[in-house]
Every structure is written in structure tokens, then in C-alpha cells.
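Notes for the one structure printed next.
Just so it is clear, the model here is predicted, and its values are computed rather than measured. Position 1 is the first residue of the sequence; numbering continues from there.
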Amino acid sequence: MSEIILSVFCDCFCLKGSDDVLAGKGCDGDTVVLNCSSSAYTIDILHASYGSYPYSCGQQYTSIKCPVLDVKSDIATKCQDYKECHISLSGSLFGYSCPNNPARRQLEVFYQCTSRNIKSKLSLNFKRK
């Protein structure tokens with residue numbers, strides 16, 4: 001099923017003739033690494049979301065509904081145009097709150113190594129190389 005979703009996603013957001021769409025995925029407590037260091041290009045964020053997904057992060061489906069946040073602008077602000085970006089995950093990172101559901105949350109990022117801009121190292125909330 002994830003291949004179908006990625007295919008539909010790519011039909012809508014991928015640039016023709018560009019590098020493959022890459023994915024970074026992790027749960028609270030993990031560090032997600034976006035990496036374009038083996039390419040001549042830098043990170044170009046296509047989509048990013050954060051929240052509790054059914055069956056994600058080793059948990060069972062829950063009937064409690066919590067929002068899934070669109071965090072593309074947050075991730076792009078920190079990672080766009082860098083060769084590599086490390087994202088340490090915690091709920092407080094995106095101001096996420098769902099008190100009725102203590103489940104671990106997951107970040108999903110889709111990106112390409114197509115940006116022609118190169119930013120130098122800078123350290124704020126995220127670790128970069």
C-alpha cells in the first residue's frame with residue numbers, strides 16, 4: 001500500500017527527470033537523517049507530516065483520533081538546501097498535543113536531492129552536517 005501512496009504522491013509532486021523521491025521516517029525518540037551528501041545537489045523537501053498513525057511505531061490501532069500535522073514548512077526551514085539534516089524527534093518539536101492518546105508519534109518526510117542551492121553549516125534546533 002505504501003508503494004501506491006508514494007506513486008500517487010510522486011505523480012503530483014515530483015519533478016520530471018529529477019532524482020528519486022527519498023523518504024525519512026522515525027518515531028518519537030529517534031533521529032531522522034535526510035542525506036544528499038553523495039549527490040551534487042542538496043535537500044529539497046516535498047512533504048512532511050507528524051502524528052499518530054494506526055500501527056506506526058510498533059503500536060496497535062487506536063480509535064482515539066489525534067491530528068496529523070503538516071510540518072513541511074518546519075522541516076524545510078531547518079533542512080532545505082543542506083547536504084544532510086538530522087532531526088531529533090519529540091512531540092514538543094512541533095508543538096504537538098493529543099492528551100487522550102499517549103501513543104508514540106511518527107515523522108514522515110519525502111524529499112529529493114534536486115536543490116541547486118547550498119547552505120553552510122548552521123546549528124539551531126536540528127543537527128546538520
Side-chain angles (χ1 to χ4, degrees):
M1 181 171 166
S2 63
E3 292 175 349
I4 295 169
I5 293 170
L6 186 55
S7 175
V8 170
F9 176 82
C10 199
D11 289 344
C12 297
F13 294 101
C14 298
L15 303 172
K16 298 291 184 199
S18 64
D19 291 341
D20 292 338
V21 173
L22 305 169
K25 189 183 286 189
C27 301
D28 284 341
D30 294 342
T31 297
V32 174
V33 178
L34 310 181
N35 192 340
C36 290
S37 60
S38 64
S39 138
Y41 301 105
T42 58
I43 296 167
D44 182 23
I45 303 297
L46 302 174
H47 176 77
S49 59
Y50 179 78
S52 293
Y53 299 89
Y55 305 107
S56 66
C57 301
Q59 61 202 11
Q60 296 298 315
Y61 178 78
T62 177
S63 62
I64 298 171
K65 303 290 183 200
C66 289
V68 173
L69 303 177
D70 177 351
V71 294
K72 178 185 176 184
S73 63
D74 295 304
I75 299 298
T77 297
K78 308 302 183 191
C79 298
Q80 184 77 26
D81 298 328
Y82 287 93
K83 288 290 213 175
E84 189 172 311
C85 184
H86 295 241
I87 307 162
S88 298
L89 296 177
S90 70
S92 62
L93 182 64
F94 302 110
Y96 187 90
S97 177
C98 184
N100 296 330
N101 187 354
R104 292 176 72 202
R105 289 152 310 265
Q106 177 176 293
L107 173 70
E108 292 181 336
V109 180
F110 294 96
Y111 67 102
Q112 291 177 293
C113 298
T114 59
S115 175
R116 296 184 186 276
N117 300 318
I118 298 176
K119 290 184 179 175
S120 61
K121 291 182 184 181
L122 177 65
S123 181
L124 295 173
N125 296 335
F126 294 75
K127 298 176 187 174
R128 296 184 189 93
K129 288 186 180 181

What is the minimum heavy-atom distance between [X] and [Y], and which atoms define it?
{"X": "Ala48", "Y": "Ile75", "value": "CB-CG1, 3.8 Å"}
{"X": "Leu34", "Y": "Gly24", "value": "CD2-CA, 4.2 Å"}
{"X": "Ser37", "Y": "Glu84", "value": "OG-OE1, 4.1 Å"}

Exercise. Can you list the steps and then say if Asp44 with Gln80 is a side chain to side chain contact (heavy atoms under 4.5 Å, CB included)?
Worked result: CA-CA 5 Å; Asp44 182 23; Gln80 184 77 26; 2.9 Å; yes

Exercise. At what distance, to the nearest 0.5 angstrom, does CZ of Arg116 lie from CG of Asp81?
Worked result: 12.0 Å

For this session: Measure the spacing between CG of Asn35 and SG of Cys79 and express it to the nearest 0.5 Å.
Result: 11.5 Å

For this session: Report yes or no: does Asp28 contribute a side-chain atom to a donor-acceptor pair with the main-chain N or O of Arg105 at less than 3.5 Å?
Result: yes

Exercise. Got a donor-acceptor contact below 3.5 angstrom from the Tyr82 side chain to the Cys36 backbone?
Worked result: no

Seminar exercise, completed: Contacts of Ser73 meeting side-chain hydrogen bond (donor to acceptor under 3.5 Å, both in side chains) (sequence neighbours excluded), chain-then-number -> none

Could you tell me if the side chain of [Y] sits less than 4.5 Å from the side chain of [X], heavy atoms only?
{"X": "Val109", "Y": "Ile45", "result": "yes"}
{"X": "Phe94", "Y": "Leu107", "result": "yes"}
{"X": "Ile43", "Y": "Lys83", "result": "no"}
{"X": "Gln112", "Y": "Leu46", "result": "yes"}
{"X": "Glu108", "Y": "Lys25", "result": "yes"}

For this session: Please report the C-alpha distance between Gln106 and Tyr50 in whole Å, then the side-chain angles of each, then the deciding distance to 0.1 Å, and finally whether the side chain to side chain contact (heavy atoms under 4.5 Å, CB included) criterion is met.
Result: CA-CA 6 Å; Gln106 177 176 293; Tyr50 179 78; over 6 Å; no

Exercise. Partners of Asp30 by side chain to side chain contact (heavy atoms under 4.5 Å, CB included), sequence neighbours excluded?
Worked result: Cys27, Arg104

